[in-house]
Colleague: 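Quick one: the structure is below, and I'll ask about it shortly.
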There are 2 protein chains.
Amino acid sequence: MIQKTNKMNLVEQVATQIEQLIESGSWEVGKKIPPEMELMEKFDVSRNTLREAIRALVHAGLLETKQGSGTIVRSANSLGAALKRYVKKTALLEILDVRLALEKQAAQLAAEHRTEADLAKLEEYIQLSRQAVKSKDWAQFIELDICFHKAVVLASTNQLLIDLYEPLLETINSFVQDLMAMNATFKFEEELHIDLLSAIRGQNKEAAATYVENYMELLRKEIIKMTGE
Amino acid sequence: MIQKTNKMNLVEQVATQIEQLIESGSWEVGKKIPPEMELMEKFDVSRNTLREAIRALVHAGLLETKQGSGTIVRSANSLGAALKRYVKKTALLEILDVRLALEKQAAQLAAEHRTEADLAKLEEYIQLSRQAVKSKDWAQFIELDICFHKAVVLASTNQLLIDLYEPLLETINSFVQDLMAMNATFKFEEELHIDLLSAIRGQNKEAAATYVENYMELLRKEIIKMTGE
DNA sequence: ATATACCAATCATCCTACAAATTTTAAAGG
DNA sequence: CCTTTAAAATTTGTAGGATGATTGGTATAT
């Protein structure tokens, strides 16, 4: 195996090591990393080199620097950050098509691989969802809706799928959240969730895919209605 | 609405401007960008600041620096580069599931939106493919196979879908290429391509999705066979 | 106890200098 | 004139130091 590290410049070497520290969890998300001075000694590089490495990871969304305070770990995987940045410039309906593609596949895989724990979690979200409706706590309802969809994708056990899906879901949600101040649409959604859970429980891939399609079609219509085509 | 702190630091400001220069095509892919000294003056920042901005974009995969030579534009969108880096650490079958999800959706969208130009291009690849088979030019055959799949996704007219799909296709292909030294599988593939084209021409979304599924299932079996489960 | 002023830590930016790799230019030799 | 070789110029890589700006905590005064 060819060792690429020898050819890598110092900055990339340091950046790679820092990435590993983050991915391995040695540097926990949300916490501060050591200050520049310390890292200069630890990696035995100059300030410039270290700063270029850190800047690269800041730009990638893994770190966040705050003058006077320090540098914190912002995220453990850079793909999500890159995707989020990208989709900011993308039309909502384009994102929705990709989300549909991913969630449909996820639902099918979930139907195959689902464990009892997965089913329990999905059921729990539906139950809590009902309570939220009863108490008219719409913010909570939306939160649980997101959790349900994420849980379906998590049950697929495909990490690439998961890492691609979550940024899209969050982007779409942040777009829609403000606008969708509780119209009747969500009533249907609950039923669809129940149907989807049944399909996943019964390991019925086709039905699972169909329900995701139905849900996404409903959402698409709402978005078109609200954004005025 | 809260203004998202226009107080970007200098490095990010420069990086953003450079990104725009690349995306707009002012700095063409493959060509050199001005040397540091020139850019320092152009952006009116110090060398450190400029270098941090450039380094961020190098890490993101947009630029590539070569000591003594200069800096060239490597790619016009960073998402592909981030995805490629990510999937290097991902199992082939996981990637395949995501590729299936994306290509299936793309085929359906292509069936909806396809233009005559799209159809002509797809047909052309199939024709050339036949010639390649006749002359037993397998390298050419594989190349055309890739072109066909890309063309299907391009016909979807969904840029996010396109930008996500291509890195996955290339990754899978580079994995498989060496191993798949021409066994009988590709014979079937040609038929599937013809069927898929027919479905897209006839705007039959379900059939298009089915043919993509069939193809991917075939590929999955080959991969499992070759990698020994 | 609260508010203010001060101080220390930390990142942001700038500057200069030299090293290493590449490209360009110039010279030398046939 | 052409090729080869050597020197010079160009360009990025790395190092180290200096100053400014922001934050967080501490001590002081009221």
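For the numbers below, each heavy atom of this structure counts, side chains included, while hydrogens, waters and symmetry mates do not. To find a chain, count down the sequence lines: A is the first, B the second, and so on, and within it residues start at 1.
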Colleague: Looking at every non-hydrogen atom in both residues, tell me the closest pair between B/K84 and B/T171 and how far apart they are.
Modeller: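 Closest approach of B/K84 to B/T171: CG-OG1, 4.5 Å.
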
Colleague: Go through the structure and list residues passing side-chain hydrogen bond (donor to acceptor under 3.5 Å, both in side chains) with B/R55, not counting sequence neighbours.
Modeller: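 Scan of B/R55 (side-chain hydrogen bond (donor to acceptor under 3.5 Å, both in side chains), adjacent residues dropped) gives A/E52.
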
Colleague: Roughly, in whole Å, what's the span from CD1 in B/I72 to P in D/dT12?
Modeller: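 Atom-to-atom, B/I72 to D/dT12, this comes out as 12 Å.
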
Colleague: Can you list the residues that meet the side chain to side chain contact (heavy atoms under 4.5 Å, CB included) rule with A/L128, with sequence neighbours excluded?
Modeller: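 Expected list: A/E124, A/Q131, A/L144.
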
Colleague: When A/R47 is tested against each of A/E38, A/E41, A/E36 for salt bridge (Lys or Arg N to Asp or Glu O under 4.0 Å), which residue passes?
Modeller: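 The single option meeting the salt bridge (Lys or Arg N to Asp or Glu O under 4.0 Å) with A/R47 is A/E36.
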
Colleague: Do A/I54 and A/R51 have side-chain heavy atoms sitting under 4.5 Å apart?
Modeller: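 Sidechains of A/R51 and A/I54: no contact.
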
Colleague: Nearest heavy-atom pair of B/M8 and B/Q13: which atoms, and what distance?
Modeller: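 Nearest pair, atom of B/M8 first, then B/Q13: O-NE2, 2.8 Å.
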
Colleague: If you look only at distance, which donor and acceptor atoms sit under 3.5 Å apart when one is on a side chain in residues 71-81 of chain A and the other is two or more places apart or in another chain?
Modeller:
residue	atom	partner	partner atom	Å
A/R74	NE	A/E64	OE1	3.1
A/S75	OG	A/N77	N	3.3
A/S75	OG	A/N77	O	3.2

Colleague: Heavy atoms within less than 4.0 Å of DNA chain C: which residues of residues 50-65 of chain B have one? Give them sorted by number.
Modeller: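 Listed by number, there are none.
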
Colleague: Should B/T49 be listed as having a side-chain N or O under 4.0 Å from OP1 or OP2 of C/dC14?
Modeller: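 It does, given that an N or O in the side chain of B/T49 lies less than 4.0 Å from OP1 or OP2 of C/dC14.
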
Colleague: Apply side-chain hydrogen bond (donor to acceptor under 3.5 Å, both in side chains) to A/H193 and A/D145, showing your working.
Modeller: CA-CA 9 Å; A/H193 284 183; A/D145 178 61; 3.2 Å; yes

Colleague: Whole-Å distance between C/dC11 P and B/L10 CG?
Modeller: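 Value for this atom pair: 18 Å.
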
Colleague: I'd like to check B/V87 versus B/L83 (side-chain heavy atoms, cut-off strictly below 4.5 Å). Are they in contact?
Modeller: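 Yes; the side chains approach each other to less than 4.5 Å.
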
Colleague: Quick one, give me the B/S/- string for nucleotides 21-27 of chain D, reading 5' to 3', where B means a protein heavy atom under 4.0 Å from the base and S means that only happens at the primed atoms, P, OP1 or OP2.
Modeller: BBB----

Colleague: Does A/T71 put a side-chain nitrogen or oxygen below 4.0 Å from OP1 or OP2 of C/dC11?
Modeller: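 For C/dC11, OP1/OP2 do have a side-chain N/O of A/T71 under 4.0 Å.
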
Colleague: Do any N or O atoms from the side chain of A/D118 and from the backbone of A/T115 form a donor-acceptor pair under 3.5 angstrom?
Modeller: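 Yes.
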
Colleague: For A/M37 and D/dG16, what is the distance between atoms CE and C1' respectively, to the nearest whole Å?
Modeller: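 Distance check: A/M37 CE to D/dG16 C1' gives 10 Å.
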
Colleague: Round to a whole Å and report the spacing from CE of A/M8 to P of D/dT14.
Modeller: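 Rounded to whole Å, this separation is 12 Å.
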
Colleague: Specify the separation, in whole Å, of atom CD of B/E36 and atom C1' of C/dT22.
Modeller: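 Distance check: B/E36 CD to C/dT22 C1' gives 14 Å.
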
Colleague: For DNA chain D, what residues of residues 40-48 of chain A have any heavy atom nearer than 4.0 Å?
Modeller: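 Output list: A/V45, A/S46, A/R47, A/N48.
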
Colleague: Between A/K89 and A/E94, is there a salt bridge with N-O shorter than 4.0 Å?
Modeller: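 No, A/E94 and A/K89 are not salt-bridged.
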
